[in-house]
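The next block holds one structure in the form of structure tokens; read it before the comments.
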Amino acid sequence: MFRRIRIALLLLILIVVALNTWTDSLYTTQWKAPMTVALFPINADGSAITDQYIAKLTQQDFVPLETFFQTESEEFGIKLDRPLRFTLAPPLNSIPPLMPSKPNMLQAMLWTLQMRWWAWRTPPKPPGPTPQIRLFLTYHDPARTPVLSHSTGLAKGLIGVVQLFADRRMTGTSHMIIAHELLHTLGATDKYDLATNQPLYPNGFAEPTLEPRYPQRFAELMAGRIALSPTEAQIPEKLLEVLVGPTTAAEIGWKKQ
Ligand SMILES: [Zn+2]
């Protein structure tokens with residue numbers, strides 16, 4: 001009896017998750033109205049430094065992201081006033097499930113399920129319009145965590161976990177990481193070599209036709225780095241050094257494929 005209830009419950013969760021995914025993907029390709037992105041800050045290390053950083057965050061801090069997506073989408077014929085609008089939700093006390101560092105397919109699937117389950121029951125609805133996309137910004141004190149684990153945006157899942165430093169001096173880079181994970185949740189794919197972190201040519205280059213090809217002046221958002229030479233690439237320090245390339249734009253529905 002107990003076993004049957006358990007199986008029924010698991011099936012129910014699976015159905016909920018599947019339906020959720022299906023309705024989410026219906027939202028993603030339209031761009032007829034602006035989408036709301038809720039940002040939930042989370043203190044990942046429990047430190048006072050991270051607490052102070054989060055306490056000082058305001059809605060205003062994320063305006064450069066709205067401006068960035070406005071400018072970039074206009075390049076691809078989107079005529080919306082701020083197509084992606086950010087709302088800062090109150091901080092959460094719960095930490096999202098951790099993705100294993102090199103997951104196999106089963107682990108990755110399990111994590112996706114856990115993540116959806118966590119996202120479904122944890123955060124309260126933030127003030128303002130109901131968000132279509134939710135990003136969980138987990139902040140770390142760089143003195144305690146010098147190297148961040150990987151951020152993960154559920155592919156077309158409208159949910160992302162973003163690992164960030166609680167350091168004002170890194171705001172520009174943080175914005176780029178948030179923008180990158182956000183576009184994953186809308187279906188954009190990575191455009192860098194996973195082994196070397198080098199941008200892939202030509203889709204990972206902001207200006208693939210530039211002569212000479214190196215050094216590039218900008219980073220393509222889903223490559224995440226400015227290619228300086230065939231073996232060197234630099235993380236941008238501000239969104240002004242980042243562009244959305246035509247392949248990424250097509251993946252998120254900004255351009256007819
Ligand atoms: Zn990525």
Side-chain angles (χ1 to χ4, degrees), residues 21 24-25 28-29 35 37 39-40 42 44 62 64-65 68-69 72-73 84 86 96-105 107-109 111-112 114-116 119 132-140 145 147-165 170-206 208 216 218-227 232-239 241-255:
T21 314
D24 282 353
S25 62
T28 49
T29 49
M35 290 180 100
V37 185
L39 304 170
F40 294 87
I42 297 168
F62 301 97
L65 276 163
F68 171 75
F69 284 116
E72 293 304 303
S73 65
L84 288 158
F86 294 79
L98 255 190
M99 167 82 115
S101 59
K102 286 200 174 90
N104 58 37
M105 208 166 78
Q107 284 171 322
M109 270 173 63
W111 177 84
T112 304
Q114 282 177 318
M115 187 59 219
R116 283 193 169 278
Q132 284 100 348
I133 304 170
R134 289 171 301 165
L135 294 181
F136 301 99
L137 310 182
T138 63
Y139 285 101
H140 305 256
T145 316
V147 180
L148 295 176
S149 55
H150 256 86
S151 296
T152 335
L154 290 193
K156 289 198 176 179
L158 307 184
I159 298 172
V161 182
V162 191
Q163 310 287 346
L164 299 166
F165 284 125
M170 295 180 201
T171 301
T173 305
S174 295
H175 281 162
M176 188 206 56
I177 299 173
I178 294 170
H180 177 106
E181 296 310 321
L182 173 55
L183 290 203
H184 271 317
T185 74
L186 292 170
T189 58
D190 281 323
K191 290 169 187 68
Y192 62 91
D193 184 325
L194 293 178
T196 63
N197 288 332
Q198 279 291 122
L200 292 173
Y201 187 81
N203 295 342
F205 279 58
Q216 288 279 310
F218 301 95
E220 200 287 326
L221 179 60
M222 299 314 286
R225 280 177 166 81
I226 308 166
E232 291 161 286
Q234 193 178 58
I235 297 178
E237 285 173 8
K238 43 186 186 290
L239 276 178
E241 299 174 311
V242 183
L243 300 178
V244 171
T247 312
T248 299
E251 285 169 339
I252 62 169
W254 277 0
K255 197 183 164 208

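For ligands, and for the atoms within them, numbers begin at 1 and follow the listed sequence.
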### Query
Yes or no on side chain to side chain donor-acceptor pair (under 3.5 Å) for Thr248 and Lys191, after CA distance, side-chain angles and deciding distance?
CA-CA 9 Å; Thr248 299; Lys191 290 169 187 68; 3.1 Å; yes
_Would Arg225 and Glu241 count as a salt bridge (charged side-chain N to carboxylate O under 4.0 Å, His left out) here? Give the steps._
CA-CA 10 Å; Arg225 280 177 166 81; Glu241 299 174 311; over 6 Å; no
What protein atoms of element N, O or S are positioned under 2.8 Å from the Zn ion (ligand 1)?
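Listed by chain and number: His180 NE2, His184 NE2, Asp190 OD1.
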Return yes if some donor-acceptor pair links the side-chain N/O of Gln163 with the main-chain N/O of Tyr139 below 3.5 Å, else return no.
no
Backbone of Gly172 reached by a side-chain donor or acceptor of Glu237 within 3.5 Å: no
Please verify the inter-ring angle class for His180 with Tyr192; under 30° counts as parallel, over 60° as perpendicular, anything in between as tilted. tilted
Donor-acceptor pairs under 3.5 angstrom involving side-chain atoms of residues 97-104: please list them, not counting sequence neighbours.
| unit_1 | atom_1 | unit_2 | atom_2 | d |
| --- | --- | --- | --- | --- |
| Asn104 | OD1 | Leu106 | N | 3.2 |
| Asn104 | OD1 | Gln107 | N | 2.8 |

